[in-house]
Undergrad: 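Before I ask anything, here is the structure I am working with.
Convention: sequence-line order gives letters A, B, ...; per-chain numbering from 1. We use all heavy atoms of the structure for the numbers below, so side chains are in, but hydrogens, waters and symmetry mates are not.
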Amino acid sequence: MPDQVVTRFAPSPTGALHVGGARTALFNWAFARKHGGKFLLRIEDTDLARSTEASERSMLEDLKWLGLDWDNEGDVPRQSQHKADGIYDQAIDKLIAADRAYEEDDAIRFRMPDHDITVHDEVLGEVTVKAGQTEDFIIRKGEAGGFMPTFHLAVVIDDAAMGVTHIIRGQEHLNNTPKHIALQQALDLPTPTYAHIPLIFNADGSKMSKRDKAKTARAAAKDANLQPPPPSGEGCSPEDITAFLNKENDDITIATLIAQHLNLTLPEIEVADFRESGYLPETLCTYLALLGWNPGDDVEEQTVKRDYLSANFDLERCGKSNGKFDRDKLAAFSADAIKALPLEVLCDAVWMLNEPTLSLRFANTNDLFFQGFCEAYRERSKTLRDPVKQGAFFFVDDGAITYDFGTKNMKKAMSKGDPNGATLLAKFLPTLEALPKDEFGSAAHDAINTFCEQRELNIGKLAQPIRVAISGSTVTPPIDATLDILGKQSTIARINNCLTAFNNQ
RNA sequence: GCCCCCAUCGUCUAGCCUGGCCCAGGACAUCAGCUUUUCAUGCUGAAGACAGGGGUUCGAAUCCCCUUGGGGGUACCA
């Protein structure tokens, strides 16, 4: 191990940071932290046409959100700048002078050596590529590419310039490594230690890509028998939608529109998607770390947090085989993490999601009713969005709750038995009305108990009709907590509405 | 096609390097039971894998070879 370990994450800013990149970043970060070294960032923007500043900004933001801090904050090198500084041209001149590179058309090609090259990989072991197996490759693009260095030349030079000692990257680069080693040798640069980590795929083995969103939206549209026009909206015409449904494009905007219209969640691919869906950054780090790395001894998710990784991560325990991204497992980790959160932290995290409906009923994070709301849903939530999703009935007007008394569960709650739920509900209403506004939930709970005991009824006989009345469904958190959050006024109003609707059906 | 990598339950994996403690352990998912005023949670239990074939060895998930399967690369993308 060198005196000072230096790792780097070097994304090309051509889109959003996606989970594969996030894991690469995480491993580089963890390895550097473990060895008290440095974790650096670099922007690989040699592809002038595809690189954007917006993408660069979003990637840095996503890394920050994940909690992966880098040590060259404020001084993140960009290859386009290095090009301007002339450091690539110097190397090219040197290679041409030594006859290790030659011009072809207006590009410059590196001459591969005629000996075998062995990569000493920390996770895969020794990989030898025979002489003649790798073709001479372009190191500087022609005029069309702005005479920019290619990725191969730029990485080699920049890694050396930044003093990078360990390169942890995806296995898609394994075949590039002999090229890079050859370049390092020709340029008299040291060869860093390499570690190629396995790739991440979808559960069905396909590549995880943005197109999955379009595919999901299309499939859902087909299932719902969505005819072309429906969701058209801002900046999107019926023709656009037809084109999208006919697979003429994979426009994410249209996919998102359809998803909203159909009320479905598109598969998360990029880090930002997971944040948007309400996953905690720590949860994503844990899941990603365990997909490809494992501390052994049956150590599982509850232990493998960022701090643990920065103290224990190593290359020896990286797996060699590709993994499949399992959303159920991530969700399970997320549910566990949410359960373990201190209440204030949970409240802040839910509030930060900026759900517009939240401020309709709650003042701020310190609102005791909001805290009750978060507490009521913590055990039921897989993501931070779940409280608002599952508790949507809290946020509508009392008159806007709709009742469908025809479904099996609703029938059971309201119509079955003698007396039936609706009758019990009507009988119980005066008792509720007589209760004080404060501590309404627990008072109501006591009243329900008494009411049922007197009549030798199972508590559910009354609790279920109340659930139905206040939520329009048979599922809510425990009655006392729910009524506490909802308050006396809304509870009474909803019960009245419900009884009216029931009698009018 | 050629080159490279990989191969344990459906999934992520422990065990493999340093063969015997492994008729293979954990987690997620699944199923069943208990808890329960709904939904969850929680608890208990069940089912579930060494890709196939050859070797080596007293003994192989562990070492070697072949086959098969999966993946990556083969760009003036990174």
Undergrad: Between F31(A) and F39(A), does the ring centroid distance fall short of 6.0 Å?
TA: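 Aromatic pair excluded; centres sit 6.0 Å or further apart.
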Undergrad: When you check the gap from the basic side-chain N to the acidic O, do R109(A) and D136(A) get nearer than 4.0 Å?
TA: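 Here R109(A) does not pair with D136(A) in a salt bridge, since their nearest N and O are not under 4.0 Å apart.
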Undergrad: Below 6.0 angstrom between ring centroids: does that apply to H180(A) and F110(A)?
TA: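 No: the rings miss the under 6.0 Å criterion.
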Undergrad: Regarding T14(A), tell me which of base, sugar-phosphate or nothing describes its non-hydrogen contacts under 4.0 Å with the strands shown.
TA: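 No contact at all - T14(A) keeps every heavy atom at 4.0 Å or more from the nucleic acid.
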Undergrad: For F201(A), report the nucleic acid contact type (base, sugar-phosphate, nothing); a contact means any heavy atom under 4.0 Å.
TA: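 The answer is sugar-phosphate, as F201(A) gets under 4.0 Å only of primed atoms, P, OP1 or OP2.
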Undergrad: Answer with base, sugar-phosphate or nothing: what part of the nucleic acid does K461(A) contact at a heavy-atom distance below 4.0 Å?
TA: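 Nothing, no heavy atom under 4.0 Å.
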Undergrad: May I ask you to say what N409(A) touches in the nucleic acid, namely base, sugar-phosphate or nothing, with a heavy-atom cut-off under 4.0 Å?
TA: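 It contacts nothing in the nucleic acid.
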Undergrad: What do you reckon, are the aromatic ring centroids of Y403(A) and F502(A) less than 6.0 Å apart?
TA: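 Between Y403(A) and F502(A), the centre distance exceeds or equals 6.0 Å.
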Undergrad: Taking the P atom in each of A49(B) and U44(B), what is the distance between them to the nearest angstrom?
TA: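 The answer is 23 Å between these two P atoms.
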Undergrad: Considering only the P atoms, how many Å lie between C5(B) and C66(B), rounded to the nearest integer?
TA: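 Per the computed distance, 12 Å lies between those P atoms.
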Undergrad: For P477(A), report the nucleic acid contact type (base, sugar-phosphate, nothing); a contact means any heavy atom under 4.0 Å.
TA: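 It contacts base atoms.
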Undergrad: Closest nucleotide of RNA chain B for R50(A) versus for Q464(A): which of these residues is on the 5' side?
TA: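 Of the two residues, Q464(A) wins.
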Undergrad: Taking the P atom of each, how far is C12(B) from G55(B), in whole Å?
TA: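 That atom pair is separated by 32 Å.
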Undergrad: When you compare U62(B) with C9(B), how far apart are their P atoms, in angstrom units rounded to a whole number?
TA: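 About 14 Å, rounded to a whole number of Å.
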Undergrad: With a non-hydrogen cut-off below 4.0 angstrom, is H152(A) in contact with a base, only sugar-phosphate, or nothing?
TA: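 The residue H152(A) makes base contact.
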Undergrad: Do the ring centers of F274(A) and F325(A) come within less than 6.0 Å of each other?
TA: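 F274(A) vs F325(A): aromatic centres under 6.0 Å.
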Undergrad: About how many Å separate CD1 of I466(A) and CD1 of I479(A), when rounded to the nearest 0.5 Å?
TA: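 Those atoms lie 5.5 Å apart.
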Undergrad: Check whether the ring centres of F151(A) and F137(A) lie less than 6.0 Å apart, and answer yes or no.
TA: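 Here the rings of F137(A) and F151(A) have centres that are no less than 6.0 Å from each other.
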Undergrad: For the residue pair F9(A) and W29(A), is the inter-centroid distance of their aromatic rings smaller than 6.0 Å?
TA: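 No; W29(A) has its ring centre 6.0 Å or more from that of F9(A).
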Undergrad: Within the 4.0 Å heavy-atom criterion, would you say E300(A) contacts the bases, only the backbone, or no part of the nucleic acid?
TA: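 Base: the residue E300(A), judged by heavy atoms under 4.0 Å, touches a nucleobase.
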Undergrad: Go ahead and name the base partner of G20(B); Watson-Crick or wobble counts if both distances stay under 3.5 Å, otherwise write none.
TA: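 G20(B) is paired, partner C58(B).
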Undergrad: Walk along RNA chain B from 5' to 3' and tell me the first and last nucleotide with an atom closer than 4.0 Å to a non-hydrogen atom of chain A.
TA: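 First and last nucleotides in contact are C2(B) to A78(B).
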Undergrad: Can a donor-acceptor pair be found between the side chains of S490(A) and D398(A) at a distance below 3.5 Å?
TA: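 D398(A) and S490(A) do have a side-chain donor-acceptor pair below 3.5 Å.
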Undergrad: Would you jot down, in residue-number order, the residues of residues 317-329 of chain A having a non-hydrogen atom under 4.0 Å from RNA chain B?
TA: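 Those residues whose heavy atoms fall under 4.0 Å from RNA chain B, taken from residues 317-329 of chain A in numerical order, are R317(A), K320(A), S321(A), N322(A), G323(A), K324(A), D326(A), D328(A), K329(A).
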Undergrad: Using the C1' atom on both, measure U30(B) against G71(B) and round to a whole Å.
TA: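 Result for the C1' pair: 28 Å, nearest Å.
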Undergrad: According to the Watson-Crick and G-U wobble definitions, with both distances under 3.5 Å, which nucleotide is paired to G1(B)?
TA: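 Partner of G1(B): U74(B).
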Undergrad: At 4.0 Å (heavy atoms only), tell me whether P11(A) reaches a base, stays on the sugar-phosphate, or touches nothing.
TA: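 No contact at all - P11(A) keeps every heavy atom at 4.0 Å or more from the nucleic acid.
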Undergrad: Over all strands shown, is K207(A) touching base, sugar-phosphate only, or nothing at heavy-atom distances under 4.0 angstrom?
TA: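 Counting heavy atoms under 4.0 Å across all strands, the contact made by K207(A) is with sugar-phosphate only.
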Undergrad: Could you tell me the Watson-Crick or G-U partner of G45(B), where both distances fall under 3.5 Å? Say none if there is no partner.
TA: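 Pair assignment: G45(B) / C31(B).
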Undergrad: Using the C1' atom as the point on both nucleotides, what is the distance between U8(B) and C16(B), in whole Å?
TA: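 Approximately 10 Å lies between the C1' atom of C16(B) and that of U8(B).
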Undergrad: Any idea which heavy atoms bring L40(A) and V6(A) closest together, and the distance?
TA: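 L40(A) and V6(A) have their closest heavy atoms at CD1-CG1, 3.6 Å.
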Undergrad: When the P atoms of C31(B) and C21(B) are compared, how many Å lie between them, rounded to an integer?
TA: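 Each nucleotide's P atom is 34 Å from the other's.
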Undergrad: RNA chain B: V129(A) or N458(A), which has the more 5' nearest nucleotide?
TA: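 The residue whose closest nucleotide sits nearer the 5' end is V129(A).
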Undergrad: For A7(B), which nucleotide in any strand shown is its Watson-Crick or wobble partner with both distances under 3.5 Å?
TA: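 Base partner found: U68(B).
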Undergrad: Just to be sure I understand the rule, does V127(A) reach a base, reach only the sugar-phosphate, or reach nothing, if contact means heavy atoms closer than 4.0 Å?
TA: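 If one applies the 4.0 Å heavy-atom cut-off, V127(A) turns out to touch the sugar-phosphate alone, with no base involved.
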Undergrad: Determine the Euclidean distance between corresponding C1' atoms of G53(B) and G69(B); express it in Å to zero decimal places.
TA: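 My reading of the C1' atoms in G69(B) and G53(B) gives 14 Å.
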Undergrad: Any base atoms under 4.0 Å from A107(A), or only sugar-phosphate, or nothing? Heavy atoms, all strands.
TA: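 Touches a base.
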Undergrad: Taking any heavy-atom pair under 4.0 Å as a contact, classify T476(A): base, sugar-phosphate, or nothing.
TA: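 Base contact.
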Undergrad: Do R380(A) and D386(A) have side chains that get closer than 4.5 Å, going by heavy atoms?
TA: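 Contact flag for R380(A)/D386(A) side chains = no.
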